Number of protein chains: 2
Amino acid sequence: MTAKQLSPQEFRIWHAFRLMHEDVLGRVGRDITQATGLSGPEFGVLFRLAGKGEMRQQALAGMLNWDKSRLSHQLTRMQERSLIERRRIDGKTVLIVLTKVGREKLDAARPIHADSVRRNLLSRLTQQQIDTIVRVSNLLGEVEE
Amino acid sequence: MTAKQLSPQEFRIWHAFRLMHEDVLGRVGRDITQATGLSGPEFGVLFRLAGKGEMRQQALAGMLNWDKSRLSHQLTRMQERSLIERRRIDGKTVLIVLTKVGREKLDAARPIHADSVRRNLLSRLTQQQIDTIVRVSNLLGEVEE
DNA sequence: CGGCCATGGTTGACATATCAACCACCTTAA
DNA sequence: TTAAGGTGGTTGATATGTCAACCATGGCCG
């Protein structure tokens, strides 16, 4: 049962798995953008940042599960739009700080995001399905032996 | 219970949902690239194409669930790498054809893909979890009223 | 026939993602 | 104290995704 290509059945599962995310992520992202002008990734960054007010870039990357390069590029763009500030602490450490603009946009986006996530994901699933999602996510996140 | 932002619990679910996708897709994509030089999207296109040998761009976009622009750009890059050919049929229709190179690379990638999907997804889930994924995917794919 | 107009496709501009190379600084250990 | 290594960040190149504007053509209707 280890054929050299996926069976139609296996492929259907794979396909479903991909679609699910593109659909939902796409919708939530568009909702946020339409209402506030923030992109999905921008919202993500601001959201984590708001938890602490300011963070070392490192820590931020960890929370987002992004690699440092991806984050650095993203921050550069966000800095140009005055959503965040970079503050060099010592030769190695950079503090990322939420600006006034950033916080305002974030606050505007929060309810949109909450509503959209509920509408497009949470409210459409049973508690059981949600449990499965979370369990599966943890499972798949682990690196295999 | 419709707060203006997500509760930590709700947020955890949302986070898990996103991670699951990025983890698995990332791993499968990297496996394919490493072994064959094809990117994930390239493999996706070739894979569908192989089913029929050739297709109208339109139909291809439908199967992939991509918009026409995305596909057009992708095909342009793939054409430059000789993975596919565009064949203008009448003023409006373009046939996409798998080239020899394209087919070879696809064939090389197939077992890698199958193996990776099984290793990173299928074999790590119970049948029940798989059923849930598929059911949930269908659910979320539908547009709400 | 002659003029809409919907459709299939392309394009340009821009945002995002990924990879590898680089850099400057800190740490540690000789 | 100095050189090797590791760490936090940046950068450039290239691939990918998204949006809106555009364009040519074929179909349809008057």
Side-chain angles (χ1 to χ4, degrees), chain A residues 18-19 21-34 36-46 54-81 83-97, chain B residues 18-19 21-34 36-46 54-81 83-97:
Chain A
R18 302 199 50 156
L19 271 198
H21 287 82
E22 292 186 3
D23 276 351
V24 176
L25 290 229
R27 282 187 208 145
V28 173
R30 277 188 298 275
D31 282 349
I32 295 180
T33 302
Q34 205 164 32
T36 72
L38 286 177
S39 72
E42 282 170 343
F43 176 80
V45 170
L46 295 180
E54 54 180 45
M55 301 175 73
R56 295 173 49 224
Q57 198 160 318
Q58 243 269 307
L60 191 49
M63 295 189 100
L64 290 160
N65 216 39
W66 285 12
D67 87 12
K68 57 187 184 168
S69 168
R70 180 178 176 186
L71 181 56
S72 181
H73 282 303
Q74 184 67 44
L75 289 176
T76 301
R77 290 185 302 262
M78 293 180 67
Q79 196 172 19
E80 279 159 13
R81 275 163 234 159
L83 295 173
I84 56 114
E85 260 181 51
R86 275 173 162 128
R87 212 168 279 166
R88 181 140 239 137
I89 290 304
D90 74 13
K92 296 184 68 165
T93 333
V94 175
L95 257 202
I96 307 300
V97 188
Chain B
R18 302 200 49 157
L19 272 198
H21 178 241
E22 294 186 359
D23 276 349
V24 176
L25 281 258
R27 283 188 207 144
V28 173
R30 277 188 297 277
D31 282 350
I32 295 180
T33 303
Q34 206 165 32
T36 71
L38 286 178
S39 71
E42 282 170 343
F43 177 79
V45 169
L46 295 180
E54 55 180 44
M55 302 176 72
R56 294 173 50 225
Q57 198 159 319
Q58 243 269 307
L60 191 49
M63 297 191 99
L64 290 160
N65 214 39
W66 285 10
D67 88 10
K68 58 188 184 168
S69 168
R70 180 178 176 185
L71 181 57
S72 182
H73 281 304
Q74 185 66 45
L75 290 177
T76 301
R77 290 185 300 264
M78 293 179 67
Q79 195 173 19
E80 279 158 13
R81 276 165 234 157
L83 295 172
I84 56 112
E85 259 181 52
R86 275 172 161 128
R87 213 167 279 167
R88 180 141 240 133
I89 290 305
D90 74 14
K92 297 182 69 164
T93 333
V94 175
L95 258 202
I96 308 301
V97 188

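Hydrogens, waters and symmetry mates play no part in the numbers below; they use all other heavy atoms, side chains included. Please read all numbers here as calculations on a predicted model, not as lab measurements. Lettering of chains follows the sequences in order, A, B, ..., and the numbering in each one begins at 1.
For the pair H73(A) and dT11(D), the ring geometry qualifies as stacking, because the centroid separation is below 5.5 Å while the planes lie within an angle under 30°.
T76(B) contributes atom OG1, which lies 10.5 Å from atom CZ of R81(B) (distance to the nearest 0.5 angstrom). Separating the CD atom in Q74(B) from the CE atom in M78(B) is a distance of 6.0 Å, to the nearest 0.5 Å. Distance check: R30(B) CZ to T33(B) OG1 gives 9.0 Å after rounding to the nearest 0.5 Å.
The listed nucleotides are dA15(D), dG9(C), dT16(C); the one nearest the side chain of R81(B) is dA15(D). Of the candidate nucleotides dG8(D), dG12(D), dT10(C), dG12(D) has the atom nearest to the side chain of S69(A). Considering only the side chain of R30(A), dC19(D) comes nearest among dC19(D), dG9(D), dG9(C). When each of dT16(C), dT16(D), dG9(C) is scored by its nearest atom to the side-chain atoms of R77(B), the top-ranked nucleotide is dT16(D). In this structure, of dG8(C), dG8(D), dT16(D), it is dT16(D) that holds the atom nearest to the side chain of P41(B).
One atom, CD of E22(B), and another, C1' of dT18(C), lie 13 Å apart when rounded to the nearest Å. The separation between E42(A) atom CD and dC14(C) atom P is 15 Å, rounded to whole Å. Distance, R70(B) CZ to dT11(C) P: 19 Å, rounded to whole Å. Rounded to whole angstrom, the span from the CG atom of L64(B) across to the C1' atom of dT18(D) amounts to 16 Å. Computed from coordinates, the H21(B) NE2 to dA17(C) P distance equals 12 Å when rounded to whole Å. Note: CZ (R56(A)) to C1' (dG9(D)) measures 11 Å, nearest angstrom. Atom-to-atom, NZ of K68(B) to C1' of dG17(D) comes out at 16 Å; the value is rounded to the nearest Å. Here the P atom of nucleotide dC14(C) and the CE atom of M78(A) are 19 Å apart, to the nearest Å.
In terms of polar N and O atoms assigned as donor or acceptor, the side chain of K92(A) never comes within less than 3.5 Å of the base of dG9(D) in a complementary pairing.
Between Q74(A) and dA15(C), a side-chain N or O to OP1/OP2 separation shorter than 4.0 Å is absent. At the phosphate of dT16(C), OP1 or OP2 sits under 4.0 Å from a side-chain N or O atom of S39(A). Residue R86(B) places at least one side-chain N or O closer than 4.0 Å to OP1 or OP2 of dT10(C). Contact check, Q57(A) against dG8(D): no side-chain N or O comes under 4.0 Å of OP1 or OP2.
Among all heavy-atom pairs drawn from R88(B) and D90(B), the shortest one is CG-O, 3.6 Å. Of all non-hydrogen atoms in E54(B) and L95(B), the two that sit nearest each other are OE2-CD1, 3.2 Å. The two residues L83(B) and L46(B) come nearest to each other via the heavy atoms O-CD2, 3.9 Å.
Along DNA chain C, the nucleotide closest to G26(B) and the one closest to L75(B) are compared, and the more 5′ of them pairs with L75(B). Residue whose closest nucleotide on DNA chain D sits further toward the 5' end, between G40(B) and V94(A): V94(A). Along DNA chain D, the nucleotide nearest L95(A) and the nucleotide nearest L71(B) are compared for position; the residue whose nucleotide lies closer to the 5' end is L95(A).
Counting any heavy atom pair closer than 4.0 Å across all strands shown, T76(B) reaches no nucleic acid atom.
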